[in-house]
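The residues of the chain are indexed from 1 along the displayed sequence.
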Amino acid sequence: MANTPQAKKRIRRNDRRAEVNGARVSRIRTFVKKVESALAAGDKAAAKAALAEAQPELARGVAKGVLHKNTAARKFARLNKRLETLA
C-alpha cells in the first residue's frame with residue numbers, strides 16, 4: 001500500500017489513465033472490426049470507407065501512446081493488403 005502522498009496521487013492518476021487508455025484501445029478495435037467485417041462480406045466500397053475511418057484512429061492511438069507505431073503501421077498495411085486483394 002502506498003504511504004506517501006505522491007504515491008497515493010500516482011495510484012489515482014494511473015487508474016484514471018488506464019480507464020481513458022482502455023477506452024481508446026477499445027475504440028480503435030471497433031474501427032478495425034468494422035473494416036474486417038466489410039472485408040469478410042466482400043463489400044469493397046464499405047471496406048474502403050471503413051479503412052479510411054480506421055486509419056486516423058490508429059494514428060491517434062500512436063500519438064496518444066496507447067499503440068506502438070509499428071503495430072499501427074502493421075495493422076493498417078495488412079488491412080490495406082486484404083482490401084487490395086478483394087475482387
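Listed for the Thr71 side chain is no donor-acceptor partner under 3.5 Å among the backbone atoms of Leu67. A distance-only check finds no donor-acceptor pair linking the side chain of Ser26 to the backbone of Gly22 [under 3.5 Å].
Taking 4.5 Å as the limit, every side-chain heavy atom of Leu86 sits out of range of all side-chain heavy atoms of Arg82. Within the 4.5 Å cutoff, side-chain heavy atoms of Phe76 are placed close to those of Leu51. At least one side-chain heavy atom of Ile28 sits under 4.5 Å from a side-chain heavy atom of Val66. Contact annotation: the side chain of Asn21 approaches that of Arg24 to within less than 4.5 Å [non-hydrogen atoms, C-beta and beyond].
The environment of CG in Asp15 is crowded: more than 12 heavy-atom neighbours from other residues, nucleotides or ligands sit within 6.0 Å.
Here the shortest heavy-atom pairing between Lys8 and Ala2 reads CE-O, 3.6 Å. Across all non-hydrogen atoms, the minimal contact from Leu39 to Ala47 is CD2-CB, 3.8 Å. Residues Lys44 and Glu84 share a closest heavy-atom pair of NZ-O, 4.4 Å. Shown here for Val62 and Ala72, the closest heavy-atom pair between the two residues is CG2-CB, 3.4 Å. Annotation for Leu79 and Glu36: closest pair CD2-CG, 3.8 Å, computed over non-hydrogen atoms.
Between the CG atom in Asn14 and the NZ atom in Lys9 there is a gap of 12.0 Å [rounded to 0.5 Å]. A distance of 5.5 Å separates CZ of Phe31 from CD of Glu53, quoted to the nearest 0.5 Å.
Here Arg16 does not pair with Glu19 in a salt bridge; the nearest charged N to carboxylate O distance is not below 4.0 Å.
Clustering ILVMFWY residues whenever any of their side-chain heavy atoms sit less than 4.5 angstrom apart, transitively, puts Val20 in a cluster other than the one holding Val25.
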